[in-house]
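Read through the structure below, which is laid out as structure tokens, and then see the notes.
Naming convention: chains lettered A, B, ... in sequence-line order (proteins, then strands); numbering from 1 in each chain.
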Amino acid sequence: MTVAAGLLLEDLEKSCPGPGGSPAVKVLDKIRFTARAGSITGIVGLNGCGKTTLLRIIAGLEPADAGRIRLEGEGAGGIGMVFQEVALLPWRTVRRNISLGLELNGTPEARRGRIVEGFLSVFGLEENADQYPRELSGGTRQKTAIARALAPGPGVVLMDEPFSALDAQTRDGMQKFLLRVWTERRDTILFVTHNIEEAVYMSDQVVIITPKPARVAAVIPVPLPRPRDKTGPECNLLRREIFSILHKPGASPRME
Amino acid sequence: MVRSCLAFLLLLALWEIVCLAGVLPSALLPSPPEAAAAFRELLSVGMPPGRLLAGHALHSLARVLAGVGLAVLLGVPVGLALGASGTFRSFFLPLINFFRPIPPLAWIPLAILWFGLGFFSSVYLIFLGAFFPIALAACSGVRGVDRLYLDSLRVLRATRRDIWLKALLPGAMPSIVTGVRVGLGVGWMTLVAAEFAGTRGGYGLGYMIMTARDLQRIDEVVAGMAAIGLIGLGLEFILERAARRLLRWM
């Protein structure tokens with residue numbers, strides 16, 4: 001397996017062309033924070049504040065106008081991504097979806113098979129191995145998507161609201177599941193969410209982004225031992241703090 | 001299945017009633033038993049005598065498969081290119097939309113001039129009929145592939161080739177399959193009509209029907225039409241099976 005990487009974002013800037021030829025609109029403004037290797041970073045912000053753009057830039061799907069992205073760590077792999085909507089290829093079975101990244105990076109077939117079988121077993125997907133995405137429940141789909149992102153051994157894994165489409169119960173289960181997997185593997189995970197509770201429950205640090213243009217308003221460490229009590233007093237305190245920064249007067253009139 | 005058979009039985013019953021009631025004399029419309037007898041005669045004696053229905057059908061099928069095969073071979077790549085490239089599309093689409101409404105049958109005089117009266121002439125007409133639905137289906141298939149799938153490959157550093165093979169092509173496949181089904185249907189219709197214009201070998205379902213007409217065998221004309229329909233039904237059945245296998249994931 002590849003070693004998890006640290007991720008350093010240095011003053012990322014991005015503008016998009018305004019509607020109908022009007023001057024460019026700044027989307028990201030000097031985004032700067034660091035994610036330690038093997039840590040979970042939650043990125044919270046109101047809807048439409050450029051979180052997805054930020055992830056797309058880190059993933060290399062869009063160029064930044066300025067700033068640098070650095071992956072640090074010896075033998076660190078590339079980047080894996082779990083998309084907001086399910087981006088599994090519908091014409092591939094669970095097994096073949098998980099093997100996708102390994103096929104693309106040229107992993108020899110025998111090794112590929114071993115890795116995929118490993119993921120199927122750890123993720124409890126053996127029974128679904130030969131099913132197509134349309135045959136899966138929402139939770140199982142997202143599990144497959146996570147396995148697909150992890151399989152090639154990326155240095156950093158990005159997740160764009162990975163559980164937002166799931167019902168509350170499945171979401172709870174998936175959060176616990178992801179933490180369990182992470183505890184074993186210690187991937188560097190960056191995940192975007194608009195759910196403060198989720199961010200506090202999962203993360204080692206929470207990056208708060210305020211909108212238009214997106215700026216890092218604060219980076220809040222979450223030094224609580226796991227497993228955490230979602231509704232315990234420590235978590236609640238942090239939630240209140242994050243909420244107040246997010247909704248500071250002048251930051252944005254919109255409520256969650 | 002039961003319901004589909006029922007529909008045919010109903011049609012036969014209606015046809016029989018029309019004939020029995022004398023609405024149409026058998027010189028204008030043969031009754032089902034008469035048509036069935038003519039069908040048997042086509043199978044055993046043939047029209048013209050000695051040229052059996054099976055021979056006509058085989059010749060027609062060979063032409064249609066060659067024409068549609070050619071249309072797939074050319075139409076799919078052209079359609080994929082149209083779908084993938086805006087430049088290509090803006091250049092070629094007007095041209096395609098100009099040629100598309102010209103019915104293949106209007107090409108018959110030119111086709112005969114170019115290819116003579118025979119196999120290649122009818123293959124060309126069938127190709128014309130099948131090419132456009134197939135190319136346009138491939139085009140819209142590629143354009144319809146969700147960008148999310150492409151992104152999920154790009155994150156994994158996929159090459160252009162990988163994006164084609166692992167996302168665009170399989171994503172466009174349902175549409176391509178539909179295009180081929182439509183193309184085969186159009187090709188089959190075009191073929192029989194094209195054979196009305198004549199065939200050199202003296203074989204083909206269209207040729208058979210025209211010969212029956214010239215001999216005033218209206219019963220064999222109707223039987224010949226039924227044969228065309230039956231073969232079309234069979235082709236569609238095979239294609240549907242193939243599509244279901246190919247698109248198991250849908």
Side-chain angles (χ1 to χ4, degrees), chain A residues 52-53 55-63 77-107 130-136 141 144-160 162 165 190, chain B residues 72 76-77 79-81 83-87 90 134 137-181 239-250:
Chain A
T52 296
T53 308
L55 281 202
R56 289 177 62 85
I57 288 175
I58 301 173
L61 291 173
E62 284 177 39
I79 286 186
M81 184 151 177
V82 178
F83 292 83
Q84 185 170 3
E85 302 136 85
V86 174
L88 295 175
L89 300 179
W91 45 85
R92 285 185 166 231
T93 59
V94 167
R95 175 182 274 118
R96 303 231 313 127
N97 260 294
I98 297 176
S99 82
L100 181 68
L102 299 162
E103 289 170 34
L104 293 173
N105 71 16
T107 308
D130 296 312
Q131 287 182 316
Y132 290 97
R134 72 167 159 84
E135 301 170 286
L136 308 173
R141 277 186 202 157
T144 309
I146 293 170
R148 180 174 77 175
L150 295 180
V156 173
V157 186
L158 310 174
M159 301 187 181
D160 188 5
L190 239 77
Chain B
V72 171
V76 171
L80 293 176
S85 155
T87 324
S90 58
I134 292 174
C139 171
S140 72
V142 167
R143 298 184 76 184
V145 176
D146 198 324
R147 294 193 54 84
L148 199 59
Y149 303 145
L150 307 186
D151 280 346
S152 69
L153 277 153
R154 285 198 188 107
V155 172
L156 297 166
R157 311 250 158 116
T159 58
R160 268 177 83 87
R161 183 167 174 268
D162 281 324
I163 288 178
W164 271 104
L165 290 180
K166 296 181 198 306
L168 290 174
L169 217 48
M173 200 46 85
S175 182
I176 293 175
V177 167
T178 306
V180 171
R181 281 165 75 171
L239 270 190
E240 204 206 314
R241 279 301 179 84
R244 222 181 297 166
R245 286 195 74 138
L246 196 62
L247 305 174
R248 237 176 336 158
W249 53 271
M250 281 191 83

Residue pairs passing the salt bridge (charged side-chain N to carboxylate O under 4.0 Å, His left out) test where at least one lies in residues 137-148 of chain B, sequence neighbours excluded: none

Of all pairs that satisfy salt bridge (charged side-chain N to carboxylate O under 4.0 Å, His left out), the ones with a partner from residues 87-98 of chain A, not counting sequence neighbours: A:Arg92-A:Glu103, A:Arg95-A:Glu117, A:Arg95-A:Asp130, A:Arg96-A:Glu103

Donor-acceptor pair, side chain of A:Trp91 and main chain of B:Lys166, under 3.5 angstrom: yes

Side-chain (A:Arg134) to main-chain (A:Pro90) donor-acceptor, under 3.5 angstrom: no

Atom group of A:Val82 that falls short of 4.5 Å from chain B, counting heavy atoms: neither

Chain B contact via A:Leu88 - side chain, backbone, both or neither, heavy atoms under 4.5 Å: backbone

Residues of residues 240-250 of chain B near chain A, each having a heavy atom less than 4.5 Å away: B:Arg248, B:Trp249, B:Met250

ring-ring contact (aromatic ring centres under 6.0 Å, His included) partners for A:Tyr132, two or more places apart: none

Derivation and outcome, side-chain contact (heavy atoms from CB on, under 4.5 Å), residues A:Asn105 and B:Arg157: CA-CA 8 Å; A:Asn105 71 16; B:Arg157 311 250 158 116; over 6 Å; no

Atom pair CG (A:Leu190) and CG (A:Leu55), whose distance is rounded to the nearest 0.5 Å: 6.5 Å

